[in-house]
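Accompanying notes for the structure given below.
The structure presented is a predicted model; accordingly, all values stated were derived computationally and were not measured.
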Amino acid sequence: MSLNSPVADKVTAAVLFLLGAGMSWGGFTMDRLEMRDIHPGSTPGLVPIILGLALMGCAVLLFAGTRDKSREVAETGESWQDFAIAAAGSVVYAVAMVGNVPFVVATTIYIAAVVWWFTRPATDEGGGLRRVVIAVGFGAVVSVAISVLFRYGFLVRLP
């Protein structure tokens, strides 16, 4: 079975857009806390609204990317292999690492592995060590940023 990537991207974009719209609407219709003399800016639905809008924006970008006619549709099993690796990596991260390994370390490993895998060149051009260093650096910076944002911005303790 071959995967028609532009069509799959359009369907995925539509599903993500609808999911984002539902998140935003749900956050907007959430009960407010003004009746308890709580500041109106502490709207409980604010985060789902923002995340829904961000998801809708990403869906629009994904849909716009399908209009690029220069992209070749891969007829190999590479798309399914990438899907299987992403799914397996996500399960290992969620089930085995989070809670057992410090959050920043687990997230650094996960992000670095994903960046390393999905930035591999089409041909073996060398530069493997450079790609590993970039992936680990990116994973470390992003995992620290996520940890700081949740700990100090959202006041949420991470595992």
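Applying the side-chain contact (heavy atoms from CB on, under 4.5 Å) criterion to Ile85, with sequence neighbours excluded, gives Gln81, Trp117. The side-chain contact (heavy atoms from CB on, under 4.5 Å) test applied to Val114 returns Tyr110, Phe118, not counting sequence neighbours.
Among residues at least two apart or in separate chains, side-chain hydrogen bond (donor to acceptor under 3.5 Å, both in side chains) pairs with a member in residues 136-146 are Thr108-Ser143. Among residues at least two apart or in separate chains, side-chain hydrogen bond (donor to acceptor under 3.5 Å, both in side chains) pairs with a member in residues 92-102 are Tyr93-Thr107.
Residues Ile134 and Val144 are members of separate hydrophobic clusters, defined by side-chain heavy-atom contacts under 4.5 angstrom among Ile, Leu, Val, Met, Phe, Trp and Tyr. Val115 and Val132 fall within the same hydrophobic cluster, defined by Ile, Leu, Val, Met, Phe, Trp and Tyr side-chain heavy atoms under 4.5 Å apart, directly or through other members. Residues Met97 and Val105 share a hydrophobic cluster, clusters being chains of Ile/Leu/Val/Met/Phe/Trp/Tyr side chains in contact below 4.5 Å. Hydrophobic clustering, with ILVMFWY side chains joined whenever heavy atoms are under 4.5 angstrom apart, groups Trp116 together with Phe138.
Closest approach of Arg131 to Thr119, counting heavy atoms only: CD-O, 3.5 Å. In terms of heavy atoms, Pro48 sits closest to Gly27 at CB-CA, 4.1 Å.
Annotation for Phe103: atom CZ counts as buried by contact number, over 12 foreign heavy atoms lying within 6.0 Å.
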Extract all donor-acceptor atom pairs below 3.5 Å that involve side chains of residues 52-64 and protein atoms in other chains or at least two apart in sequence.
none

Cut-off 3.5 Å, no hydrogens considered: what does the side-chain donor-acceptor table look like for residues 145-159, sequence neighbours left out?
none

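In this structure, OG1 in Thr12 is found 12.0 Å from CG in Leu19, a value given to the nearest 0.5 Å.
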